[in-house]
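Reviewing the structure listed below.
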Amino acid sequence: MRRLKVERVELSLLKLPYVHFFETSFGREEEREFILVKIYSDGICGYGEVVSEKSPLFSYETTSTAWHILKDFLIPLVLDKSISDPHDFYREAKKYRGHPMAKAGCELALWDLQGKKEGKPLSKLYGGTKTEIPAGVSVGIQDSFSELQERIQSFLEEGYQRIKIKIKPDWDIQACEETRKRFPDVTLQVDANGAYSIDDKEILKRLDEFNLLMVEQPFPSFDLWDHSRLQKEMRTPLCLDESMLSVETARKAYEMGSCRIVNIKVGRVGGIIEARKIHDYCQEKQFPVWCGGMLESGIGRAHNIHLATLPNFKFPNDISASKRYYAEDLIEPPVEVSSKGTIKVPELPGIGVSPQEQRIKKAALKHEVFTL
Ligand code: OSB
Ligand code: MG
C-alpha cells in the first residue's frame, strides 16, 4: 500500500461537564478533562481520545503526563518517521515504558486515519462481526440508596441490558440487597475499583448471595495473587479491569485463576493492537471479554463501539448513550441506545461519526499544533 506522509498532529485539552456527577470508590467527579489527538495525512484527519483523567486515581497517568509523553516522545515518533500505520506505531512506541493511555490515543487516531483511507469502518478493519452491540450502564455511588434505585429504574426504562453498580466498603452489601429487592431479575454486576484488600474476603464472599453476573476489580491493580485466592472461594466470576494491562497479564491471570472474565479498555492496555491480542488470547482460553469505558466523549466511545464488535465480546459493555454522559456530545449523530438496549455500529469509514469542530473548540482549555 502507498505510504502516506503525516503532515501534522494536533493536541487539545478538553473539559466537558457531566450531566450527573460520577462517584466511584476513589471519589466524585463533576466533569471530565481529557486529550483529543488529531493526526493529518493527505488532508484526512484521524481522531483519537486519550482517556487519562485530571488526577492519578484510576491509573498513574494524568492529562499532564499524557500531554508530556505525547509531545516529547510519541508525536516526534509519528512525525520523524512519518508513521501513519498503526502497526508501525505500536512497534516503535513499545520501546517507551508504560503510559498506555497516551499511546492508545495516538494509535486510535492512526486507526481512524487508516479506516478513512481504505473507506472502511473500523469494525471491518478489526475483523468485527456485529452490526449492533449490547449496551450496559455503570451507575455511580449516590447520596442515598433510594436515589440509586431511582437512577437504575430510569436506565432500565431506557432499555439498558444490564446495570453495574459501583461498590466500596459501606456501600456494598446493602447496595446489593436494596437493588435486588427492587429489581430481582435485572442483570446486575458490581465494580469496586480496587477498594478492598484480602482482609475483606468474608464481606466479598457474601456477594455470592446476589446472583451477580460478575464482581469487577475488588483488589488493587497489582494484586493478581489475592484475586486468585478470592476467586477460588467465590462462585461469582471475578472480572479484572485495572489489573489487565497486556496479553501477558491475561496469561498470568488465566494461569493463576485470578478471574474468569476480562474487561478490555483500549486506553488501559495501550491501543487496539494490544486489546486484540488480549481478546484473541481470552477467546482461545474460553474467557469471555467485554468493553469497559472511561466516560469517553463520543469520539472515544465510537472507537469502543467498533472494538466491541469482535466475536469474543460476550457481555453487555460499559458503552452508553451520549446523553447519559454529556448534555452535548462532541459527535453527530450522538450515540443512542435502542429500546432493546443495543447500539448500532457506525457504517461510515473510520470511526464513522462526525466530530463537531465548533463544540471541540468550545470545550478546549489548551491547543497545540505539531509539524516536522
Ligand atoms: O472502573 O469501569 C470503571 C469510569 C471511569 C473510570 C473507571 C470506570 C468507569 C466506569 C464508567 O465504570 C464506564 C463508562 O460508562 O464509560
Ligand atoms: Mg472498572
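Counting starts at 1 for both ligands and their atoms, in listed order.
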Donor-acceptor pairs under 3.5 angstrom involving side-chain atoms of residues 281-292: please list them, not counting sequence neighbours.
none

- prompt: Would you say R324 has any N or O atom under 3.5 Å from an N or O of ligand 1, going by distance alone?
  reply: no

task: Examine ligand 1 and decide if any of its atoms is less than 4.0 Å from a heavy atom belonging to K164.
output: yes

message: If you take the nearest heavy atom of each of A135, S138, G136, which one is closest to atom 10 (C) of ligand 1?
response: S138

query: Quick one: is the NZ or CZ of R32 closer than 6.0 Å to the six-membered ring centre of F34, and within 45° of its axis?
result: yes

message: Is there a polar contact, in the sense of an N or O pair closer than 3.5 Å, between E242 and ligand 1?
response: no

- prompt: Just how far is it from atom CD1 of I83 to atom CG of L113, taken to the nearest 0.5 Å?
  reply: 12.5 Å

message: Can you confirm, on distance only, whether ligand 1 has an N/O atom lying under 3.5 Å from any N/O atom belonging to S320?
response: no

- request: Look at ligand 1 and say whether K166 reaches it with a heavy atom at a distance under 4.0 Å.
  value: yes

field: Of all pairs that satisfy ring pair (Phe, Tyr, Trp, His ring centres under 6.0 Å), the ones with a partner from residues 98-152, not counting sequence neighbours
entry: Y60-H99, H87-W111, W111-Y126, F145-W171

query: Between V353, V266, L122, which is the residue that forms a side-chain contact (heavy atoms from CB on, under 4.5 Å) with H303?
result: L122

- prompt: Is Q217 near ligand 1, meaning one of its heavy atoms is under 4.0 Å from it?
  reply: no

message: Do the side chains of R28 and D143 get close enough for a salt bridge, i.e. N-O under 4.0 angstrom?
response: yes

- line: Note, the Mg ion (ligand 2) has protein N, O or S atoms under 2.8 Å numbering 3

Within-4.5 Å side-chain heavy-atom neighbours: S25 and I167: no

message: I'd like to check the ring-ring contact (aromatic ring centres under 6.0 Å, His included) partners of F21; sequence neighbours left out, ordered by chain and number.
response: none

- prompt: Got an N/O contact under 3.5 Å between L295 and ligand 1?
  reply: yes

